[in-house]
Amino acid sequence: MAGDKKKRGLLNGLTHYGDPGFAAYLRRSFARSMGYSEEMLNRPIVGITWTASGFNNCHRGVPQLVEAAKRGVLAAGALPLEFPVTSLGEVFLNPTSLLYRNLMAMDVEEMVRAQPMDSVLLVGGCDKTLPALVMGGISAGKPAVVLATGPMSTGRYHGERLGACTDCRRFWAQYRAGGLDDQQIGEIEGNLATTQGTCAVMGTASTMAILCEALGLMLPGGAAVPAVHADRLRQAEASGLRAAQLAMEGRGGDLAFDRIIDAKAAENALRVLLAISGSTNAVVHLAAIFGRLGLALDMDLLNRLSDETPVLVDLKPTGAHYMEDLHAAGGVPAVLRALRPQLHLDVMTVTGKTLGEVLDESDPWVDTAVVRTPDNPISPQGGLVALSGSLAPKGAILKRAAATPELFEREGRAVVFTSLEDLSARIDDPDLDVTADDFLVLQNAGPLASGMPEAGYLPIPAKLARAGVKDMVRISDARMSGTAFGTIVLHVSPEAALGSPLGLVRNGDRIRLSVKERRLDLLVDEAELAARRAAFAPPPGVGAERGWRRLWRDHVLQAEDGVDLDLLRGA
Ligand code: FES
């Protein structure tokens with residue numbers, strides 16, 4: 001009989017028909033129509049997110065991963081049931097994937113909560129996917145384990161090793177500057193992304209996978225195993241098994257994400273982000289993840305940690321290697337061991353062990369060409385710095401590790417583009433009044449105006465690129481791909497569309513950047529700014545009148561709050 005079973009597994013969270021006995025009977029009857037045995041239906045249930053999609057190349061391996069994860073769940077004595085959630089393929093989404101991260105997080109939260117699963121395996125990888133899965137997982141409050149799809153392997157072009165997507169940008173810059181012809185760029189296009197998996201460098205996907213491992217949300221070693229490696233399937237099997245144990249142990253609630261991520265774990269994540277010279281996007285995603293728990297991402301703390309945390313991982317775009325090399329070099333456990341004296345080791349992980357215990361058990365081997373020792377770092381300081389000042393009252397971010405130090409202490413003339421359309425219409429205009437010493441400023445690419453696309457990597461104007469200019473100071477309220485590089489100030493907050501100082505900048509204004517002082521200032525007097533403010537007219541928002549985009553318009557927060565929706569923050 002259905003009514004006398006313990007309330008776990010299939011009988012969790014019954015559908016409301018006004019008669020729980022009937023609801024249980026009906027659910028079991030319909031579940032049996034799927035061919036499961038009585039013994040299977042009496043097991044605890046592990047939900048597995050299905051994020052495969054014809055619009056997501058990075059998730060091509062998800063079906064195999066789910067199959068392997070199911071083996072692990074079954075071996076542990078639970079029942080695996082996959083369920084679809086939103087899938088975000090970075091380069092297939094218009095206008096930008098960040099606009100849909102919170103939608104995916106809501107989808108995950110609600111489907112994990114609404115369906116009768118005792119724990120969940122969160123499978124994903126492409127840029128916004130892991131943040132969305134973690135955000136949703138936190139808010140759903142059920143025990144969970146993260147499984148990354150893993151990074152792509154590298155390809156070759158004329159003997160040179162290529163990996164998406166730092167090399168995509170390098171070759172495109174050469175093409176723009178006239179150094180490659182159409183046929184060559186076409187051949188390169190065919191060799192940049194040659195396997196399933198996420199971008200092969202320290203982009204956002206790699207960064208977020210590493211941070212999930214550092215936060216203890218993933219099994220040890222799970223971030224860097226290549227997508228096509230047999231170890232990736234073993235990782236999936238082990239992750240399924242662990243998710244099943246959490247469903248069965250009775251202590252799963254102790255190991256739900258909201259219990260694992262505390263202030264100490266959050267500080268560890270920032271520390272690791274700096275040591276790996278990770279993507280600037282991770283600052284936004286971590287702020288959103290922490291915000292789900294009532295924690296703030298403290299920019300002063302980020303700067304303090306940045307000053308005392310060495311960069312240890314030598315990966316592109318700032319270094320020489322690829323994610324597959326990090327795996328071969330010892331993976332994330334090797335990075336965490338190198339950072340050990342600077343980490344909180346008593347934080348909990350989904351393994352049920354503390355971070356310190358996990359590291360004690362890890363293979364001590366490391367290839368120090370890829371994961372440096374603290375006494376021989378790539379840089380004695382972290383890769384990111386937070387800026388503030390009169391142009392960015394609520395902050396901005398610069399990836400100094402990917403920037404040109406000669407441009408760090410500069411005053412320049414603003415060359416302003418008022419929108420993405422304005423940028424693409426004029427950046428290559430031969431008559432554009434611009435020199436290499438100017439600061440390129442892009443407005444209205446922030447969360448509210450444009451969904452905060454990865455447009456902060458403003459191209460060098462064609463006439464300057466052809467003259468050999470490789471980098472300029474570029475400032476915007478946009479984001480930048482973690483695979484990009486340059487002296488690029490991002491996430492300026494508040495965004496221009498709110499009539500902030502960034503929205504008031506005009507061509508010819510003077511701007512001062514000082515990385516040493518962590519300052520970004522607009523050198524325009526207050527009376528002039530007040531006059532511009534009085535005349536300010538906001539641009540039209542994103543879509544806006546209905547559906548998801550209206551919810552976004554009405555509730556989206558700024559970069560310092562992770563661009564989450566205000567109504568999704570908190571526990
Ligand atoms: Fe999916 Fe880069 S496009 S991680």
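Whatever order the structure lists ligands and atoms in, that order sets their numbers, starting from 1.
Taking the centre and axis of the six-membered ring of Y322, the NZ or CZ atom of R161 falls outside the cone set by 45° and 6.0 Å.
Residue pairs meeting the salt bridge (charged side-chain N to carboxylate O under 4.0 Å, His left out) criterion with at least one member in residues 220-231, sequence neighbours excluded: D231-R234.
For the atom pair CG (L162) and NZ (K316), the distance works out to 8.0 Å, reported to the nearest 0.5 Å.
For T51 and T49, the side-chain atoms include no donor-acceptor pair closer than 3.5 Å. There is a side-chain donor-acceptor pair under 3.5 Å between T154 and E324.
Closer than 2.8 Å to atom 2 (Fe) of ligand 1 sit the protein N, O or S atoms C199 SG.
Heavy atoms from other residues, nucleotides or ligands lying under 6.0 Å from CD of E187 number more than 12.
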